[in-house]
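Okay, so here's the structure we're looking at.
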Amino acid sequence: PILYSYFRSSCSWRVRIALALKGISYDLVPVNLLKDGGQQFSAEFKAVNPMQQVPALKIDGITLSQSLAIIHYLEDTHPNPRLLPQDPKKRAQVRMIADHIVSGIQPLQNLNVLKQIGEKKTEWAQNCIASGFQGNVPPFLTALEQILQHTAGHYCVGDEVSMADLCLVPQVSNAERFKVDMGPYPTITRINKALLELEAFKVSHPSRQPDTPAELRA
């Protein structure tokens, strides 16, 4: 497999965690989203992913983009350890939390949006992340902290690592990067801390990637 990734991309990080958890070796091709006006816009990468976004994964003779689509494929082809619970209710909760982050929070503070916002990008990102965590922009952003208070065990849903956890950790990292006060979110903070102690989350961390700048390396 070949993973096209950017060290700081939260979407790429989700896939790196999944690959690490499932023990799938891969070659990494860095795509710098800032250098040269954005390497994702090159003709070479457009041939890999017409959406000109990371991640993209070449595997088993196909090329996949969109992090959750990639993770679902890995789940179907490498079912152990599973990232979706067998219980239908817990499985639905995992998908709900993942979609809340992937659709309701992350797109509002990704690189393309922040470029449009300009000088107020930090304030914008803080507001979007806090709104998604706390749910103070009804009705389309549900309160993630409140949801997790009902679903969490050791991790987001019960005591097994799931697809929801793969989405949570990169989003919390974004929150910390944009200096969001995490005090109001004790459940999110507790789960994130527990997940960062796991080896798969450590090796996939943005501070430990081949394309991580020297000053940001762990």
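We use all heavy atoms of the structure for the numbers below, so side chains are in, but hydrogens, waters and symmetry mates are not.
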### Query
How many angstroms lie between atom SG of Cys167 and atom NE2 of His100, to the nearest 0.5 angstrom?
11.0 Å

### Residue pairs passing the side-chain hydrogen bond (donor to acceptor under 3.5 Å, both in side chains) test where at least one lies in residues 19-39, sequence neighbours excluded
Lys22-Glu75

### Trace of the side-chain contact (heavy atoms from CB on, under 4.5 Å) decision for Leu84 with Arg95
CA-CA 8 Å; Leu84 285 170; Arg95 287 173 167 156; 3.9 Å; yes

### Message
Once side-chain hydrogen bond (donor to acceptor under 3.5 Å, both in side chains) is applied, do any residues pair with Thr151, and if so which ones, sequence neighbours excluded?
### Response
none

### Minimum side-chain heavy-atom gap Asp165-Val94 below 4.5 Å
no

### Query
Taking the side chain as C-beta and beyond, is there a heavy-atom pair between Asn192 and Leu195 under 4.5 Å?
no

### Task
Go through the structure and list residues passing side-chain hydrogen bond (donor to acceptor under 3.5 Å, both in side chains) with Thr63, not counting sequence neighbours.
none

### Message
I'd like to know if the side chain of Glu145 reaches the main chain of Ile188, judged simply by a donor and an acceptor atom lying under 3.5 Å from each other, with no hydrogens or angles considered.
### Response
yes

### Shortest non-hydrogen contact from Tyr4 toward Phe45
CB-CE1, 3.7 Å

### Task
Kindly compute the distance separating OG (Ser5) from CG (Leu33), expressed to the nearest 0.5 Å.
9.0 Å

### Verify same cluster id: Leu196, Ile17 (apolar side-chain graph, 4.5 Å)
yes

### Summary
Residue set satisfying side-chain hydrogen bond (donor to acceptor under 3.5 Å, both in side chains) with Glu160, at least two apart, ordered chain then number -> Arg82

### Query
Of all residues at least two apart in sequence or in a different chain, which pass the side-chain hydrogen bond (donor to acceptor under 3.5 Å, both in side chains) check with Gln66?
Gln53

### Query
Please, which pairs that meet salt bridge (charged side-chain N to carboxylate O under 4.0 Å, His left out) have at least one residue in residues 61-71, sequence neighbours excluded?
none

## Note on the structure
OG of Ser12 to CG of Leu57, rounded to nearest 0.5 Å, is 10.5 Å

### Query
CD1/Ile97 to CG/Leu148 distance, rounded to the nearest 0.5 angstrom?
5.0 Å

### Message
Are the side chains of Tyr185 and Val172 in contact, using a 4.5 Å heavy-atom criterion?
### Response
no

### Task
Kindly check if the number of other-residue, nucleotide or ligand heavy atoms within 6.0 Å of CD (Glu199) is above 12?
yes

### Summary
Taking every heavy atom of Pro55 against every heavy atom of Val15, the minimum-distance pair comes out as CG-CG2, 3.8 Å

### Task
For Leu166 and Val161, run side-chain contact (heavy atoms from CB on, under 4.5 Å): C-alpha distance rounded to whole Å, both residues' side-chain angles, the deciding distance at 0.1 Å, then the answer.
CA-CA 8 Å; Leu166 275 59; Val161 175; 4.1 Å; yes

### Query
Side chains of Arg91 and Val157: does their closest heavy-atom pair fall under 4.5 Å?
no

### Task
Take atom CE of Met96 as the centre, draw a 6.0 Å sphere, and report whether it contains more than 12 heavy atoms from other residues, nucleotides or ligands.
yes

### Task
Please identify each residue that fulfils ring-ring contact (aromatic ring centres under 6.0 Å, His included) with Tyr6, with sequence neighbours left out.
none

### Task
Tell me, please, which residues at least two apart from Ala194 pass side-chain contact (heavy atoms from CB on, under 4.5 Å).
His154, Tyr155

### Task
Decide whether Leu34 and Val29 are clustered together by the hydrophobic rule: side chain heavy atoms of Ile, Leu, Val, Met, Phe, Trp, Tyr closer than 4.5 Å, transitively.
yes

### Query
Are Ile62 and Leu19 co-members of a hydrophobic cluster defined by side-chain heavy atoms under 4.5 Å apart?
yes

Using residues 206-216 as the side-chain source, report each donor-acceptor pair under 3.5 Å to any protein atom, sequence neighbours left out, with the distance given to one decimal.
{"from": "Ser207", "atom 1": "OG", "to": "His205", "atom 2": "ND1", "distance (Å)": "2.8"}
{"from": "Gln209", "atom 1": "OE1", "to": "Arg16", "atom 2": "NE", "distance (Å)": "3.4"}
{"from": "Gln209", "atom 1": "NE2", "to": "Val203", "atom 2": "O", "distance (Å)": "3.1"}
{"from": "Gln209", "atom 1": "NE2", "to": "Ser204", "atom 2": "O", "distance (Å)": "3.2"}
{"from": "Gln209", "atom 1": "NE2", "to": "His205", "atom 2": "O", "distance (Å)": "2.9"}
{"from": "Asp211", "atom 1": "OD2", "to": "Phe7", "atom 2": "N", "distance (Å)": "3.0"}
{"from": "Thr212", "atom 1": "OG1", "to": "Pro206", "atom 2": "O", "distance (Å)": "2.5"}
{"from": "Thr212", "atom 1": "OG1", "to": "Gln209", "atom 2": "N", "distance (Å)": "3.0"}
{"from": "Thr212", "atom 1": "OG1", "to": "Gln209", "atom 2": "O", "distance (Å)": "3.1"}

### Task
Mind checking the CD1-CG spacing from Ile70 to Leu3? Nearest 0.5 Å is all I need.
7.0 Å

### Distance (rounded to the nearest 0.5 Å) between Leu144 CG and Thr187 OG1
9.0 Å

### Query
Tell me the ring-ring contact (aromatic ring centres under 6.0 Å, His included) pairs involving residues 57-86, sequence neighbours left out?
none

### Query
Ser65: what forms a side-chain contact (heavy atoms from CB on, under 4.5 Å) with it, not counting sequence neighbours?
Asn49

### Task
Tell me whether Ile2 is reachable from Val31 by hopping between hydrophobic residues (I, L, V, M, F, W, Y) whose side-chain heavy atoms are closer than 4.5 Å.
yes

